[in-house]
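What you see is a predicted model; the values in this text were computed from it and never measured. The chains referred to below are lettered A, B, ... by the order of the sequence lines, with proteins before strands, and numbering in each begins at 1.
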Number of protein chains: 2
Amino acid sequence: MNENTTGEELSASDLQSGRLSDFAYSSIKEQLARGAYKPGHKLPIRSVAEMLNVGATPAREAINRLVFEGALVMVGPKTVIVPHLDLAALYEVTQMRLALEGLATEKGALRATNDIVDKLLALQEKITLSLDEKRYGDALHDNKEFHFTIYRLCEMPHLLSTIEALWLRVGASFHDLYPEFAEAKYGVHNHLAAIEGLVDKDPSAVRAAMENDIRDGYRRLKKAAQQRLKRQ
Amino acid sequence: MNENTTGEELSASDLQSGRLSDFAYSSIKEQLARGAYKPGHKLPIRSVAEMLNVGATPAREAINRLVFEGALVMVGPKTVIVPHLDLAALYEVTQMRLALEGLATEKGALRATNDIVDKLLALQEKITLSLDEKRYGDALHDNKEFHFTIYRLCEMPHLLSTIEALWLRVGASFHDLYPEFAEAKYGVHNHLAAIEGLVDKDPSAVRAAMENDIRDGYRRLKKAAQQRLKRQ
DNA sequence: TCATGATTTTTGTTATAACAAAATTATGAA
DNA sequence: TTCATAATTTTGTTATAACAAAAATCATGA
């Protein structure tokens, strides 16, 4: 009974892991990554609990964890919201991404097999296609998969989960900027350069390409955010 | 009434923050950093709750948070323990430390005032003295303060808390190795080089010195851990 | 219209009990 | 003794109620 036949609401029975806390955490996280909530949206424990059909304890735990990771922010002793645009935070996250994703890239580059390279090429084709058809959600999804396919190569689990938390953090506040951000076939050149570096067994080249990708993304996101802030 | 007149047990009233979860988290964290528990020691929720005179909910939250940060590990669905020596984990943490602490150092170096430099010099003197008198606990404490005095300069709060989690992680598993690790006036040279770089307004020199410090520590810790593992 | 204070509602936190499942101990046979 | 299995205890998780405090709402006055 793993289907939602009615389609009326989410249910904890949809998840294999027994822990409702994890279910709540994943659910909120996914909605955040999809931009389901606007910046400033409040997330009270009881509302979240009701929405997910769980008690207050798992909902509270999930929310607190996301606050700790920076994907949600506390703006008062009893109010957590989806974070607003914050250029200082974007800068900080970007610097951490450069350091950590650069590390993961360089450490894992030499372990790339032919299968990995093929997978990356296929992903890049999908990304280009999605961009042409203006399916930005798909493009972003595959872009993430492209990055993490490379990062997983180094086999450093804690590093990986830290990087994931960083992606979630920028995704939460900046999701609504992604259309403007993604329009210009962002990243194609850098991704291809990364693949080349993997084939050539040249870790620092791959790292440079990925860092370039991160920096380009930062510049676009920053520009879009600044325009948004001025317009309002 | 902020004193523990009886001295018989810890009490939540010792903390200003209203949240018992935070109290529990800080308490366990401090004990971990002091090496109060041997690797392999079990931390069941109810025991922790009783020890700290709190309910199961805050104890559970604190333990789970420490597991998530890697300071404790789950070895079964219902068993969390203080982690054993694990050279792969030490390597991973060291790589992340190099990336993140290097970043924090470089970004903050130019903001060092004369007061900061004086504070660092004073700390270094204390460290040397503590080492001479074999007060390793004090030396470690001041060593940490030395590092974080530099890292705080960059004013990147999330970066700082991520670094703190890394320190806790190695502190928990490797605390009992610190005596052997610290004997040889470890770090003096690197610390002095870092201070020089701050005075010279040379961020990459400071970064290099701090990275050297981290690498030296890693080598010593690794050697001590290997000897320990062989002996057993 | 706006500020200010009082009132009401909402909200986070925590202790607790109940349940299911894991960990531990006891038991028995080879 | 050693290993498998059964019985027992311990343990993590969750829903819930109660409480205090914060947030929202309303009323009142200028």
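Within the structure, every side-chain polar atom (N or O) of A/K42 is placed at least 4.0 Å from both OP1 and OP2 of C/dG12. Within the 4.0 Å cut-off from OP1 or OP2 of D/dT14, at least one side-chain nitrogen or oxygen of B/R60 is found.
Rounded to whole angstrom, the span from the CD atom of A/E61 across to the C1' atom of D/dT14 amounts to 10 Å. As rounded to whole Å, 15 Å separates atom P of C/dT11 from atom CD1 of A/I81. For B/L20 and C/dG12, the CG to P distance is 17 Å, given to the nearest whole Å. Summarising the geometry, the separation between CD1 on A/I45 and P on C/dT14 is reported as 10 Å, rounded to the nearest angstrom. Whole-Å rounding puts the B/E50 CD to D/dT10 P distance at 12 Å. Distance CG (B/N53) to C1' (C/dA15): 13 Å, rounded to an integer number of Å.
A/R135 pairs by the side chain to side chain donor-acceptor pair (under 3.5 Å) definition with A/S130, A/E133, A/D138, not counting sequence neighbours. Residues satisfying the ring pair (Phe, Tyr, Trp, His ring centres under 6.0 Å) test with B/F146, not counting sequence neighbours, are B/H191. Residues passing the side chain to side chain donor-acceptor pair (under 3.5 Å) test with B/R219 are B/D216, sequence neighbours excluded.
Pairs engaging residues 161-170 of chain A under the side chain to side chain donor-acceptor pair (under 3.5 Å) rule: A/E101-A/W167, A/R169-B/H158 [sequence neighbours left out]. Applying the side chain to side chain donor-acceptor pair (under 3.5 Å) rule to pairs touching residues 83-95 of chain A yields A/Y91-B/K107, A/Q95-B/K107, sequence neighbours excluded. Counting only residues at least two apart or on different chains, the salt bridge (charged side-chain N to carboxylate O under 4.0 Å, His left out) pairs with a member in residues 51-64 of chain A are A/R60-B/E61, A/E61-B/R60. A ring pair (Phe, Tyr, Trp, His ring centres under 6.0 Å) check over residues 24-57 of chain A, counting only residues at least two apart or in different chains, returns the pairs A/Y37-A/H41.
Two residues are said to be in side-chain contact when any heavy atoms from C-beta on lie closer than 4.5 Å; A/K38 and A/V82 fail this criterion.
Taking a 4.0 Å limit (strictly below) on heavy-atom distances, residues 63-73 of chain A reaches DNA chain C at A/N64.
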Protein-nucleic acid N or O pairs under 3.5 Å, nucleotides 16-22 of chain D:
residue, atom, partner, partner atom, Å
D/dA21, N3, A/K78, NZ, 2.9

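Salt bridge annotation for A/E50-A/R46: absent, with no cationic side-chain nitrogen under 4.0 angstrom from a carboxylate oxygen.
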